Amino acid sequence: MSDERSGNHSSQPVAVDLFCGAGGLSYGMQRAGMTIAGGIDTAAPACQHPFLRKPLAITSELHGVQSAPYCILDIETAGPITQPPDTYELLLVGVKHERQHTIFRCNRRELGLFASFVDDFKGMAVTFNGSRFDLPIVGHALRLATGRPLRVSKRYDILSKVERHAGRRISLDALARENLRIGKSEWDHRRNKEIWQSSPELLIAHNQEDLNLTARLF
């Protein structure tokens with residue numbers, strides 16, 4: 001399903017490459033094949049998972065979904081920080097729509113662009129653990145930055161379906177290795193903020209990897 005194309009949407013934000021310093025984000029965008037929305041703002045080998053005896057197939061919920069337009073959403077955060085409900089600091093929102101990867105940084109302008117895209121997108125928003133993690137965090141950051149609520153008309157969370165069928169949580173990496181024979185690159189999420197500040201192209205490439213794996217699993 002991940003190779004199917006969906007129709008164009010006039011409300012899709014125009015993504016603008018950002019140049020920041022010597023190489024900076026412009027270099028990162030070229031390496032990751034991505035763009036940043038909103039313009040300039042100063043602001044492994046295959047393995048057998050012990051819980052899986054055969055590839056986990058979830059097909060019953062997909063009837064009538066596979067031909068629908070869809071996009072993949074994934075966020076990168078730092079934290080946790082001290083005051084709930086803002087227990088994580090949002091760094092960026094990554095979106096894969098058709099062949100386009102776009103990142104929205106956590107500022108008023110770019111979160112507003114993201115909200116406009118999601119408001120008008122009539123297809124399926126696909127996430128991995130988005131119901132409990134990505135969407136609540138983005139919704140909170142969006143409300144703080146713009147006063148707007150997050151509106152997602154249709155959503156499909158892969159991890160929720162996996163838990164219901166398998167009776168346990170299984171990581172994106174384990175599912176990808178078992179079903180796709182491709183694993184995630186090693187990554188230390190505790191260093192997200194440090195990397196975002198010093199080498200943002202690395203965090204962007206990590207986000208793109210998660211978006212691509214989620215799309216292929218879907």
Side-chain angles (χ1 to χ4, degrees), residues 6 9 11-18 20 25 28-29 32-43 69-81 85-159 172 184 187 189 192-193 195-197 200-215 218:
S6 57
H9 297 268
S11 61
Q12 185 177 1
V14 177
V16 180
D17 199 19
L18 176 71
C20 179
L25 286 175
M29 296 303 97
M34 298 180 73
T35 48
I36 285 186
I40 294 178
D41 187 288
T42 55
Y70 70 97
C71 65
I72 312 295
L73 306 180
D74 183 60
I75 68 172
E76 302 300 334
T77 63
I81 57 179
D86 190 13
T87 54
Y88 286 86
E89 177 185 357
L90 179 66
L91 301 178
L92 65 91
V93 182
V95 177
K96 176 178 172 67
H97 180 227
E98 300 180 346
R99 290 187 178 274
Q100 180 70 46
H101 292 84
T102 305
I103 66 167
F104 300 84
R105 293 166 298 176
C106 188
N107 59 56
R108 188 174 188 274
R109 183 183 183 189
E110 294 186 21
L111 287 180
L113 286 172
F114 169 74
S116 296
F117 168 73
V118 174
D119 282 351
D120 294 340
F121 186 69
K122 304 307 180 187
M124 188 78 65
V126 179
T127 59
F128 192 92
N129 199 29
S131 297
R132 281 179 294 205
F133 188 78
D134 303 72
L135 296 181
I137 290 174
V138 174
H140 183 69
L142 178 65
R143 192 178 293 275
L144 286 178
T146 69
R148 299 174 58 179
L150 179 64
R151 303 182 185 92
V152 181
S153 59
K154 300 176 184 177
R155 65 179 69 178
Y156 187 96
D157 188 60
I158 294 174
L159 182 58
L172 177 63
K184 291 179 60 172
W187 187 264
H189 287 278
N192 275 6
K193 190 166 186 178
I195 292 171
W196 182 234
Q197 293 172 341
E201 72 277 4
L202 298 180
L203 189 62
I204 290 165
H206 168 72
N207 182 260
Q208 183 186 25
E209 181 180 59
D210 280 358
L211 288 168
N212 287 338
L213 284 177
T214 302
F218 181 61

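Everything numeric in this text was worked out from a predicted model, so none of it was measured. Note: hydrogens, waters and symmetry copies are ignored here, and every other heavy atom, side chains too, is used.
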Test item: side-chain donor near acceptor, His101 and Asn212, under 3.5 Å: yes
Donor-acceptor pair, side chain of Asp74 and main chain of Phe128, under 3.5 angstrom: no
Looking at side-chain heavy atoms only, is the closest gap between [X] and [Y] below 4.5 Å?
X      : Y      : result
Asp119 : Arg148 : yes
Thr77  : Ile137 : yes
Phe114 : Val138 : yes

Listed partners of Arg108 passing salt bridge (charged side-chain N to carboxylate O under 4.0 Å, His left out), at least two apart: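 So Arg108 forms no salt bridge (charged side-chain N to carboxylate O under 4.0 Å, His left out) with any residue.
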Partner residues of Arg155 under the salt bridge (charged side-chain N to carboxylate O under 4.0 Å, His left out) criterion, sequence neighbours left out: none
[X]: what forms a side chain to side chain contact (heavy atoms under 4.5 Å, CB included) with it, not counting sequence neighbours?
X      : result
Arg143 : Pro149
Ser153 : none
Asn192 : Glu76, Leu91, Trp187, His189, Leu203

Contacts of type side-chain hydrogen bond (donor to acceptor under 3.5 Å, both in side chains), residue Thr127, not counting sequence neighbours: Asp157
For Lys154, all residues meeting side-chain hydrogen bond (donor to acceptor under 3.5 Å, both in side chains), sequence neighbours excluded: none
Closest heavy-atom pair and its distance - Cys71, Val95: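 Result for this residue pair: CB-CG1, 4.3 Å.
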Side chain to side chain contact (heavy atoms under 4.5 Å, CB included) assessment of Phe218 paired with Ile158: CA-CA 7 Å; Phe218 181 61; Ile158 294 174; 4.1 Å; yes
